[in-house]
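Report on the structure given below.
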Amino acid sequence: MKRVKIAVAIFAATFMICIASLIHLDYVRTRMLAHIGAIEDAIAAGEQAEVIIRCEAFCDDWQKSEYGLLVHVRHDKVEDITAVVAKLPALAEYDHIGDLKAELESAQILIQHVWDSETPFWWENIGKAFAAC
């Protein structure tokens with residue numbers, strides 16, 4: 001009986017770590033996509049100084065979040081996003097708006113791809129079930 005309790009405890013701990021990782025990934029994804037939306041809004045408004053500030057804030061926030069993602073996301077995916085994000089402040093500073101928009105789109109697609117590839121198929125169904133209630 002003692003072995004069963006230990007096995008259940010190990011399973012429960014593993015399950016909780018997986019759920020916490022998914023929640024963290026969703027939190028980072030939501031935050032990063034909000035940054036991208038704010039940068040796109042500043043570009044649309046034509047505010048160059050605001051675009052530079054928001055790109056630098058996005059880059060700083062990504063660097064803070066990157067370490068936590070490396071714990072539970074494949075390194076090559078995170079490195080691809082890091083390579084794109086690292087270009088953004090320079091593109092904003094030198095007013096390469098076309099390239100900046102393309103890199104923002106790339107970052108958005110890569111972030112969404114990480115979310116899609118790291119979440120199990122049942123995760124979305126759970127979210128839909130709770131939304132229906």
Side-chain angles (χ1 to χ4, degrees):
M1 189 65 172
K2 194 178 223 182
R3 291 180 186 169
V4 172
K5 290 180 183 178
I6 292 171
V8 168
I10 290 172
F11 177 75
T14 304
F15 185 74
M16 294 306 292
I17 289 170
C18 291
I19 295 299
S21 294
L22 288 173
I23 291 170
H24 179 255
L25 180 60
D26 183 48
Y27 173 71
V28 170
R29 176 184 66 108
T30 303
R31 225 175 51 235
M32 296 304 130
L33 293 179
H35 275 296
I36 291 172
I39 294 169
E40 289 173 344
D41 291 344
I43 290 171
E47 301 172 2
Q48 180 64 20
E50 187 68 23
V51 171
I52 294 170
I53 291 169
R54 290 180 187 248
C55 283
E56 289 173 352
F58 178 46
C59 191
D60 291 341
D61 198 14
W62 174 256
Q63 288 176 348
K64 291 175 187 173
S65 301
E66 180 182 12
Y67 178 74
L69 288 177
L70 289 174
V71 174
H72 51 85
V73 176
R74 293 184 187 102
H75 290 252
D76 58 333
K77 294 178 182 180
V78 176
E79 289 170 1
D80 290 343
I81 298 170
T82 301
V84 170
V85 171
K87 298 175 189 176
L88 298 179
L91 291 173
E93 184 176 343
Y94 294 110
D95 202 23
H96 296 287
I97 299 301
D99 292 336
L100 179 62
K101 286 182 178 181
E103 293 295 338
L104 286 171
E105 185 68 26
S106 295
Q108 188 172 10
I109 290 170
L110 289 170
I111 291 168
Q112 190 60 42
H113 176 68
V114 167
W115 171 254
D116 292 339
S117 65
E118 296 295 324
T119 53
F121 69 92
W122 52 266
W123 184 261
E124 292 294 328
N125 293 333
I126 290 174
K128 291 176 185 175
F130 282 122
C133 293

Could you pull out every donor-acceptor pair under 3.5 Å between side chains of residues 100-107 and any protein atom, sequence neighbours left out?
unit_1: Ser106; atom_1: OG; unit_2: Ala102; atom_2: O; d: 3.1

Which pairs of donor and acceptor atoms, one on a side chain in residues 78-92, lie under 3.5 Å apart (sequence neighbours left out)?
unit_1: Thr82; atom_1: OG1; unit_2: Trp62; atom_2: NE1; d: 2.9
unit_1: Thr82; atom_1: OG1; unit_2: Glu66; atom_2: OE2; d: 3.0
unit_1: Thr82; atom_1: OG1; unit_2: Val78; atom_2: O; d: 2.9

Determine all donor-acceptor pairs shorter than 3.5 Å in which one atom belongs to a side chain in residues 11-22; sequence neighbours excluded.
unit_1: Thr14; atom_1: OG1; unit_2: Ile10; atom_2: O; d: 2.9
unit_1: Ser21; atom_1: OG; unit_2: Ile17; atom_2: O; d: 3.0

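Summarising the local packing, CZ of Arg31 is surrounded by more than 12 heavy atoms from other residues, nucleotides or ligands at distances under 6.0 Å.
In terms of hydrophobic clustering, with Ile, Leu, Val, Met, Phe, Trp and Tyr side chains grouped at heavy-atom distances under 4.5 Å, Ile39 and Ile53 are assigned to different clusters. No single ILVMFWY cluster, assembled from side-chain heavy atoms under 4.5 Å apart, contains both Ile43 and Tyr94. Connection of Leu25 to Leu70 is established within a shared hydrophobic cluster, with ILVMFWY side chains joined at heavy-atom distances below 4.5 Å, either directly or through further cluster members.
Here the straight-line distance linking atom CG of Asp60 with atom SG of Cys55 works out to 11.0 Å at 0.5 Å rounding. Rounding to the nearest 0.5 Å places OG1 of Thr30 at 7.5 Å from CH2 of Trp115.
Applying the salt bridge (charged side-chain N to carboxylate O under 4.0 Å, His left out) test to Asp95 and every residue at least two apart in sequence or in another chain returns nothing. Remark: His24 engages His72 in a ring-ring contact (aromatic ring centres under 6.0 Å, His included) (not counting sequence neighbours).
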Candidate pair Leu33 and Gln108, rule side-chain contact (heavy atoms from CB on, under 4.5 Å), full reasoning: CA-CA 7 Å; Leu33 293 179; Gln108 188 172 10; 3.6 Å; yes
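For Asp26 and Arg29, the salt-bridge test passes: some basic side-chain N is under 4.0 Å from an acidic carboxylate O.
In this structure, Arg74 and Glu118 have side chains that are in contact, with non-hydrogen atoms separated by less than 4.5 Å.
Screening residues 39-55 for side-chain hydrogen bond (donor to acceptor under 3.5 Å, both in side chains), with sequence neighbours left out, gives Glu50-Arg54.
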